[in-house]
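Everything numeric in this text was worked out from a predicted model, so none of it was measured.
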Amino acid sequence: TLKEKLLEVRKPPQGVRLFVGGVELQEGNALPSPVECTAVFYNLELTQQERRRILGLLSRRRLRFRNKCFESFSEKARADEQVVLRAVRRDPQNIQHAHPACRNDHKIVLAAIEGDPTCLKHASA
């Protein structure tokens, strides 16, 4: 999507909201081509307390629904390198739910494909 392409080139991990004529675009909106839009970027950063709590959740031995758990984390958590690395090491398929910037991160992609080579298809680059 356009949002994913914009986010792949931005560091640190950020979110983006797209507006056309002052109205925010929602996923799945059909747009005429070409279209002029405004992109508003925002930083995605966890506090140390949030990071510790989430890493603790991922460390539980009997975590049920491993993949579903990571998928349900906030966008900020799925953009945090430490969180994503832990999630991918626990279940390499979690890379598909990571923020686009993390799916483009060499260390994260390598950890995923070491656990499951089929995960390469979820990498951004």
Side-chain angles (χ1 to χ4, degrees):
T1 68
L2 176 59
K3 284 184 179 183
E4 287 177 337
K5 289 186 185 305
L6 288 169
L7 291 172
E8 284 176 8
V9 297
R10 304 280 299 199
K11 297 239 179 192
Q14 297 185 351
V16 63
R17 296 171 67 189
L18 298 176
F19 296 86
V20 173
V23 177
E24 185 173 4
L25 295 175
Q26 301 301 316
E27 292 295 325
N29 284 24
L31 295 173
S33 184
V35 65
E36 187 173 316
C37 64
T38 302
V40 177
F41 292 90
Y42 52 92
N43 286 335
L44 294 167
E45 199 168 336
L46 291 174
T47 65
Q48 288 296 333
Q49 183 179 7
E50 289 172 316
R51 184 177 292 112
R52 277 193 304 272
R53 183 183 61 78
I54 292 168
L55 290 173
L57 284 173
L58 287 169
S59 295
R60 291 185 182 158
R61 291 179 190 251
R62 292 200 259 183
L63 185 64
R64 299 175 80 199
F65 314 111
R66 293 184 319 193
N67 204 313
K68 298 262 187 230
C69 177
F70 181 70
E71 181 181 358
S72 69
F73 286 173
S74 70
E75 184 180 20
K76 286 192 311 186
R78 291 181 289 112
D80 185 89
E81 181 183 20
Q82 291 178 39
V83 170
V84 175
L85 268 172
R86 176 86 46 95
V88 164
R89 286 180 177 142
R90 183 157 186 124
D91 182 348
Q93 289 297 323
N94 279 326
I95 194 171
Q96 67 187 301
H97 304 295
H99 186 274
C102 290
R103 292 194 313 262
N104 198 32
D105 182 283
H106 178 76
K107 189 183 332 179
I108 291 171
V109 171
L110 187 60
I113 61 174
E114 283 176 350
D116 180 353
T118 67
C119 290
L120 185 57
K121 66 185 174 198
H122 299 297
S124 294

Please report the closest heavy-atom contact between [X] and [Y], naming both atoms and the distance.
{"X": "Val88", "Y": "Ala111", "result": "CG1-C, 3.9 Å"}
{"X": "Asn94", "Y": "Ala87", "result": "ND2-O, 2.9 Å"}
{"X": "Ile113", "Y": "Leu120", "result": "CG2-N, 3.5 Å"}
{"X": "Phe70", "Y": "Val83", "result": "CE1-CG1, 4.1 Å"}
{"X": "Val84", "Y": "Ala98", "result": "CG1-CB, 3.8 Å"}

Drop me the distance from [X]'s [atom1] to [Y]'s [atom2], to the nearest 0.5 angstrom.
{"X": "His99", "Y": "Asp80", "atom1": "NE2", "atom2": "CG", "value": "11.5 Å"}
{"X": "Arg86", "Y": "Glu81", "atom1": "CZ", "atom2": "CD", "value": "12.5 Å"}
{"X": "Leu46", "Y": "Ser74", "atom1": "CG", "atom2": "OG", "value": "6.0 Å"}
{"X": "Glu45", "Y": "Thr47", "atom1": "CD", "atom2": "OG1", "value": "9.5 Å"}
{"X": "Gln49", "Y": "Ile54", "atom1": "CD", "atom2": "CD1", "value": "10.5 Å"}
{"X": "Asp105", "Y": "Leu85", "atom1": "CG", "atom2": "CG", "value": "7.0 Å"}

>> Tell me whether Val20 shares a hydrophobic cluster with Val16, the cluster being built from Ile, Leu, Val, Met, Phe, Trp, Tyr side chains joined at under 4.5 Å.
In response: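 Hydrophobic grouping puts Val20 with Val16.
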>> Could you walk me through whether His97 and Phe73 satisfy the side-chain contact (heavy atoms from CB on, under 4.5 Å) test, starting with their C-alpha distance in whole Å, then the side-chain angles of each, then the deciding distance to 0.1 Å, before giving a yes or no?
In response: CA-CA 9 Å; His97 304 295; Phe73 286 173; over 6 Å; no
> If we only count heavy atoms from C-beta on, is the Arg103 to Ile108 side-chain gap below 4.5 Å?
Replying inline: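 They are not in contact (no side-chain heavy atoms under 4.5 Å apart), so the answer is no.
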> How far apart are the C-alpha atoms of His122 and Gln93, what are their side-chain angles, what is the distance that settles it, and do they pass the side-chain contact (heavy atoms from CB on, under 4.5 Å) test?
Replying inline: CA-CA 8 Å; His122 299 297; Gln93 289 297 323; 3.5 Å; yes
> Checking side-chain contact (heavy atoms from CB on, under 4.5 Å) for the pair Cys102/Arg78: CA distance, chi angles, key distance, verdict?
Replying inline: CA-CA 8 Å; Cys102 290; Arg78 291 181 289 112; over 6 Å; no
> Is a side-chain donor or acceptor of Arg51 paired with a backbone partner of Gln82 at a separation under 3.5 angstrom?
Replying inline: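 Between the backbone of Gln82 and the side chain of Arg51 there is no qualifying donor-acceptor contact (under 3.5 Å).
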